[in-house]
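Let me begin by presenting the structure, written as structure tokens, before commenting on it.
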Amino acid sequence: FHPIFGLFGSPEDFIDTDPKKISWTVNLKSDIERNKEHKYNTNKIKQGAYRPYLKQFLYFDKPYIERPGLTSTFLSDLANSNKLICVSGIGVTKEFTSLATEVIPDMEVAGKSQCFPLFYYEERPKSSPNLFDESSENEFIRRDGVSDFILERAHKMYGRNVSKEDIFYYVYGFLHCPEYRQRFANDLKKMLPRLPLVEDVRDFWAFSKAGRKLADLHINYETVPAYEGVTVTGAESGFYTVEKMRFPKKDQKDTIIFNSKITISNIPDRAYEYVVNGKSAIEWIMERYQVTTHKESGIRNDPNDWAAEVGNPRYILDLLLSVIRVSVETVGVVEGLPGVRFE
């Protein structure tokens, strides 16, 4: 192929650029020049977090992901499970966000997301391959995301029973500290977070336990029981299909019209205090779980298909009720964090 392109034009002259068939990236065009073939592999279909509290299927294969970053070292075929703390990246104009996940995150899940793993995998070529090796595959070594340096400091300050996992959750808890977010709001738009270790051992454990609770809520949100304080009417109809959820009036957020049959009311104002990546978690559900059609590709995105895929026609309704509870409990956990004074 390459000599032909050189003589008669660029790859754009020979490929079908119809956006309804494929979205061509710079790397894919380069692969055409090199006559490099890619094959479809069903094992590459993964779950990803496209936006807060929105999962989608993703074909996670490097040739089709223009800039995969280090995601494959955090969440790969080698890792049965992992946890990531995603934070707003440099230059984001929205308020700082931190969100834990265990699936592949989109860059905008937290706004130009930067992600920090509990652990990661490092690839190392086999040291001395020879004819008698059973396999020529490289070795993968699991590394901790929390450094030995900070672990040693924590041991000196809080005792030897502190683990790297405790520190990981301490970080997640501290990133939700209102005083920290307010005091360093401008800095967090220009640089990644820099966190102190608190002086009082009791405060350390309070932040760590709060972070563990928050991570459990934010990662396992789909299985959190529904918030019991709301009233759901019309669910007995058995009609759970969603087109677009809405409020009865712009400022009437205590009620959500789910569809033509179902209405959710008595939603507490407190639930909307949990804001992530620029809007409340509840409003993320309302915005993203609606039927849309992509203008260029013509692809229809129907969240009801996901409900069918997971085998639960009530999935979107149950998700909304769960996220209401996640929101209320998150606000409660944050309110219970220790106070921090910054000089």
Side-chain angles (χ1 to χ4, degrees), residues 49-55 84-101 105-116 169 171-193 195 207 210-211 213-222 224 226-227 229-230 245-247 249-256 264 266-290 316 319-340:
Y50 183 66
R51 292 295 182 269
Y53 304 104
L54 171 68
K55 289 181 179 177
L84 310 180
I85 296 175
C86 301
V87 301
S88 303
I90 298 170
V92 172
T93 57
K94 301 174 185 176
E95 291 186 2
F96 176 79
T97 282
S98 177
L99 185 63
T101 185
D106 182 81
M107 188 178 72
E108 294 301 327
V109 75
K112 302 186 187 304
S113 305
Q114 296 288 310
C115 301
F116 301 90
Y169 289 120
V171 168
Y172 195 54
F174 201 94
L175 287 171
H176 285 81
C177 173
E179 293 92 344
Y180 172 75
R181 290 190 175 193
Q182 293 166 11
R183 173 68 174 80
F184 298 101
N186 292 331
D187 299 276
L188 290 170
K189 296 181 186 300
K190 297 179 289 186
M191 63 182 69
L192 292 176
L195 308 182
F207 276 114
K213 172 65 174 177
L214 290 170
D216 182 56
L217 283 170
H218 300 164
I219 290 174
N220 301 308
Y221 62 91
E222 292 169 294
V224 173
Y227 185 69
V230 301
M245 290 176 263
R246 60 183 178 86
F247 298 119
K249 299 178 182 178
K250 182 178 180 181
D251 297 325
Q252 186 184 345
K253 295 187 176 182
D254 65 335
T255 299
I256 295 174
I264 303 165
N266 297 325
I267 302 170
D269 293 340
R270 185 179 179 82
Y272 292 97
E273 294 177 20
Y274 175 44
V275 175
V276 54
N277 196 8
K279 61 170 64 76
S280 70
I282 294 172
E283 288 169 292
W284 273 117
I285 300 297
M286 296 177 67
E287 176 186 301
R288 305 310 308 190
Y289 284 86
Q290 62 175 295
I316 301 173
L319 175 66
L320 178 58
L321 297 174
S322 294
V323 169
I324 292 172
R325 180 165 185 166
V326 167
S327 300
V328 172
E329 291 198 17
T330 295
V331 172
V333 172
V334 170
E335 288 179 345
L337 291 172
V340 178

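A quick note: this is a predicted structure, and the numbers were derived from the prediction, not measured.
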ring-ring contact (aromatic ring centres under 6.0 Å, His included) involving Y53 - partner list, sequence neighbours excluded: Y221

From CA spacing to verdict: side chain to side chain contact (heavy atoms under 4.5 Å, CB included), D254, N266: CA-CA 5 Å; D254 65 335; N266 297 325; 5.5 Å; no

side-chain contact (heavy atoms from CB on, under 4.5 Å) partners of R181, counting only residues at least two apart: F96, S98, H176

Point-to-point distance, once rounded to the nearest 0.5 Å, from OG1 of T330 to CG of L217: 5.0 Å

Note, F247 side chain near T255 side chain (heavy atom, < 4.5 Å): no

Nearest-0.5 Å distance, CD1 of residue I90 to CD of residue Q114: 6.5 Å

Sidechain-backbone polar pair: N277 side chain, E108 backbone, donor-acceptor under 3.5 Å: yes

For S322, side-chain hydrogen bond (donor to acceptor under 3.5 Å, both in side chains) partners two or more places apart: none

Residue list, side-chain hydrogen bond (donor to acceptor under 3.5 Å, both in side chains) with D216, at least two apart or on another chain: N220

I219 CD1 to T101 OG1 distance, which is reported to the nearest 0.5 Å: 6.5 Å

CA sep, side-chain torsions, deciding dist, call: F116, L192, side chain to side chain contact (heavy atoms under 4.5 Å, CB included): CA-CA 11 Å; F116 301 90; L192 292 176; 4.0 Å; yes

Salt bridge (charged side-chain N to carboxylate O under 4.0 Å, His left out) partners for R288, two or more places apart: none

E95 atom CD, neighbour heavy-atom count above 12 within 6.0 Å: no

Whether W284 side chain and V276 backbone form a donor-acceptor pair below 3.5 Å: yes

Minimum heavy-atom distance between L319 and I285, given as atom pair plus value: CD2-CD1, 3.8 Å

Side chain to side chain, P105 and S113, heavy atoms closer than 4.5 Å: no

Atom pair CG/CD1 of L320 and I264 - distance to nearest 0.5 Å: 4.0 Å

With E179 via side-chain contact (heavy atoms from CB on, under 4.5 Å) - residues at least two apart: C177, F342

Nearest heavy-atom neighbours spanning P178 and V334: CG-CG1, 3.7 Å

Results of side-chain hydrogen bond (donor to acceptor under 3.5 Å, both in side chains) for E222 - residues two or more places apart only: K55, Y315

Pairwise side-chain contact, Y274 with E329, heavy-atom cut-off 4.5 Å (strictly under): no

All pairs passing salt bridge (Lys or Arg N to Asp or Glu O under 4.0 Å) where residues 271-287 contributes a residue, at least two apart: K253-E283, K279-E287

Check: T97 and V87 side chains under 4.5 Å, non-hydrogen atoms: no

Qualifying residues under side-chain hydrogen bond (donor to acceptor under 3.5 Å, both in side chains), relative to Y289, sequence neighbours excluded: none

Check: L99 and V109 side chains under 4.5 Å, non-hydrogen atoms: yes

Enumerate donor-acceptor pairs with a distance under 3.5 Å from any side-chain N or O in residues 182-190 to protein atoms, sequence neighbours excluded.
from: K189; atom 1: NZ; to: T93; atom 2: O; distance (Å): 3.0
from: K189; atom 1: NZ; to: K94; atom 2: O; distance (Å): 3.0

4.5 Å side-chain heavy-atom contact, Y272 and S327: no

Residues which pass side-chain contact (heavy atoms from CB on, under 4.5 Å) with L195, listed by chain and number, not counting sequence neighbours: V171, F174, L175, Y180, P193

Student check: side-chain heavy atoms of V328 and P268 closer than 4.5 Å: yes

Qualifying residues under side-chain contact (heavy atoms from CB on, under 4.5 Å), relative to R246, sequence neighbours excluded: I257

Separation of M286 CE from S280 OG (nearest 0.5 Å): 8.5 Å

